[in-house]
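To keep things clear, I will list the structure first and then write my remarks on it.
Side-chain atoms are counted along with the backbone in the values below, which use heavy atoms only and exclude waters and symmetry mates. Proteins come first, then strands; the chains are lettered A, B, ... in the order of their sequence lines, and each starts at number 1.
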Number of protein chains: 2
Amino acid sequence: MTTTRERLVESARQLIAEQGYGPTTVAQVVKRADAHPGSLYHAFPTKQDLLVAVLENYLTRLRPQIVGPAWQDVDDPIERVFALLGLYRKLLVQSDHLFGCPIGSIALELHDPDPPVRALLVRNFDQWIGAVEECFAAAVDRLPADADPKKLATFVLTTMEGGVMLARSYRSLDAFDAAVASLRDYIARLTTPRTGGTR
Amino acid sequence: MTTTRERLVESARQLIAEQGYGPTTVAQVVKRADAHPGSLYHAFPTKQDLLVAVLENYLTRLRPQIVGPAWQDVDDPIERVFALLGLYRKLLVQSDHLFGCPIGSIALELHDPDPPVRALLVRNFDQWIGAVEECFAAAVDRLPADADPKKLATFVLTTMEGGVMLARSYRSLDAFDAAVASLRDYIARLTTPRTGGTR
DNA sequence: GTCTATATACGGATAGAC
DNA sequence: GTCTATCCGTATATAGAC
């Protein structure tokens with residue numbers, strides 16, 4: 001059983017992911033949720049309040065919807081990093097290269113978001129970085145002594161965000177794959193120092 | 001001496017960079033260009049035609065406005081890669097972390113751009129990658145035999161785009177610096193194999 | 001707390017004189 | 001090719017009955 005409020009947030013989440021925040025109208029949200037304008041404005045006085053709820057919802061979805069499935073059959077911490085990137089690749093394939101990271105898309109669409117929105121974007125990025133940071137932290141014994149798990153996790157995020165951006169623009173996985181392959185090469189050189197070179 | 005058309009494109013370019021494409025209104029463009037609606041619609045029948053002109057304009061600006069200044073005092077091809085990233089860092093500092101790559105921002109704002117727009121986004125990305133690819137091509141003798149200059153250049157672009165995205169969201173250079181430092185570490189390990197590890 | 005109907009503002013685009 | 005004035009659709013948000 002779902003409440004009207006839950007259906008509104010879910011509808012808004014989908015529409016914003018598909019079209020962006022600006023182009024998504026409250027009328028569309030109301031229609032997809034099979035609700036009415038009065039109900040929406042009762043739960044969310046402004047459109048931005050709805051966006052805040054969507055961004056809070058993404059915080060609760062990262063582990064069960066993204067990280068969990070990606071790590072389902074992968075135990076090695078370093079491989080989990082690339083399993084996560086592999087999931088984004090799968091989403092690109094499934095969507096015919098239309099997929100975009102919803103957080104990254106909102107972050108770039110809104111050039112100067114109001115503080116509550118920006119704070120939630122930051123929390124979403126922090127959570128993603130934190131998940132990847134766990135992997136590198138679990139593999140510290142295979143990394144150089146001066147390696148910084150959080151720094152590496154941030155690098156993984158920039159690679160994902162940049163890769164998804166280019167995949168959608170090029171309608172091709174080439175750039176995404178090139179970036180991820182380079183990242184894999186880097187991590188391989190980090191984890192197995194002094195033996196690479198010829199592969 | 002500038003034509004009305006040139007002033008319109010320049011005004012649109014600035015406003016779109018500041019606010020995004022959707023939020024920029026033709027009324028704003030006309031006002032900043034000190035022109036009138038009739039003139040704009042004479043030169044650009046639709047708002048999208050104006051966007052196309054802006055994206056074509058960016059193609060002509062990359063070398064003189066971005067790449068040229070970044071490489072002014074840098075001859076080493078590998079250092080030129082990081083000088084270019086350094087310029088983006090400078091733009092972030094100067095703008096109090098509000099800067100965003102205009103091409104990347106438009107690419108993510110428009111979830112499914114019309115073909116002429118998408119083609120121009122691709123040409124802009126291609127041109128950026130091409131400039132960095134030149135650097136790696138000029139340094140092939142210092143790279144592993146199987147290194148691919150274009151692949152590396154694409155990786156640099158994802159790092160820049162992801163880094164700029166995070167810098168603007170966090171209002172901080174930390175994530176940008178972490179990504180660029182990781183990239184530098186990678187390139188260092190590529191160019192000086194079998195000697196790294198302790199730095 | 002849900003619904004219908006609507007106010008109010010603003011956007012892109014156009015008309016037509018000059 | 002430039003200007004003034006304006007149309008028309010649509011968007012957020014509100015009013016107020018139930």
Inset, instruction - Produce a footprint string for nucleotides 12-18 of chain D: one letter per nucleotide, 5' end first; B if the base is under 4.0 Å from any protein heavy atom, S if only the sugar-phosphate is, - if neither. - result: SBB----

Legend entry - Note: D76(B)-R142(B) ion pair, threshold 4.0 Å (strictly below): yes

Legend entry - Of the listed nucleotides dC3(C), dT2(D), dG1(C), the one nearest the side chain of H42(A): dG1(C)

Inset, instruction - Round to the nearest Å and state the distance from E6(A) atom CD to dG1(C) atom P. - result: 14 Å

Inset, instruction - Could you check how far NE2 of H36(A) sits from P of dT4(C), rounded to whole Å? - result: 5 Å

Inset, instruction - Round to the nearest Å and state the distance from R7(B) atom CZ to dT2(D) atom C1'. - result: 11 Å

Inset, instruction - Using a strict cut-off of less than 4.0 Å between a Lys/Arg side-chain nitrogen and an Asp/Glu carboxylate oxygen, indicate whether R32(A) and E18(A) qualify as a salt bridge. - result: yes

Inset, instruction - Could you name each residue pair satisfying side-chain hydrogen bond (donor to acceptor under 3.5 Å, both in side chains) that touches residues 99-113 of chain B, not counting sequence neighbours? - result: R171(A)-D112(B)

Inset, instruction - Would you kindly check if the NZ (Lys) or CZ (Arg) of K47(A) is within the cone defined by 45 degrees around the ring axis of Y21(A) and under 6.0 Å from the six-membered ring centre? - result: yes

Inset, instruction - Say whether D185(A) and S182(A), considering side chains only, have a donor N or O and an acceptor N or O under 3.5 Å apart. - result: no

Inset, instruction - Would you kindly give the CG-to-P distance between D34(A) and dC3(C), to the nearest whole Å? - result: 8 Å

Legend entry - Spacing between F44(B) atom CZ and dG1(D) atom P, to the nearest angstrom: 12 Å

Inset, instruction - Calculate the interatomic distance between K31(A) atom NZ and dT2(C) atom P; express it in whole Å. - result: 21 Å

Legend entry - Candidate pair E10(B) and Q14(B), rule side chain to side chain donor-acceptor pair (under 3.5 Å), full reasoning: CA-CA 6 Å; E10(B) 176 61 15; Q14(B) 292 172 9; 2.8 Å; yes

Legend entry - Gap between atoms CG and C1', on L15(B) and dG11(C) respectively (whole Å): 15 Å

Legend entry - Rounded distance in Å - CG (L40(B)) to C1' (dC3(D)): 13 Å

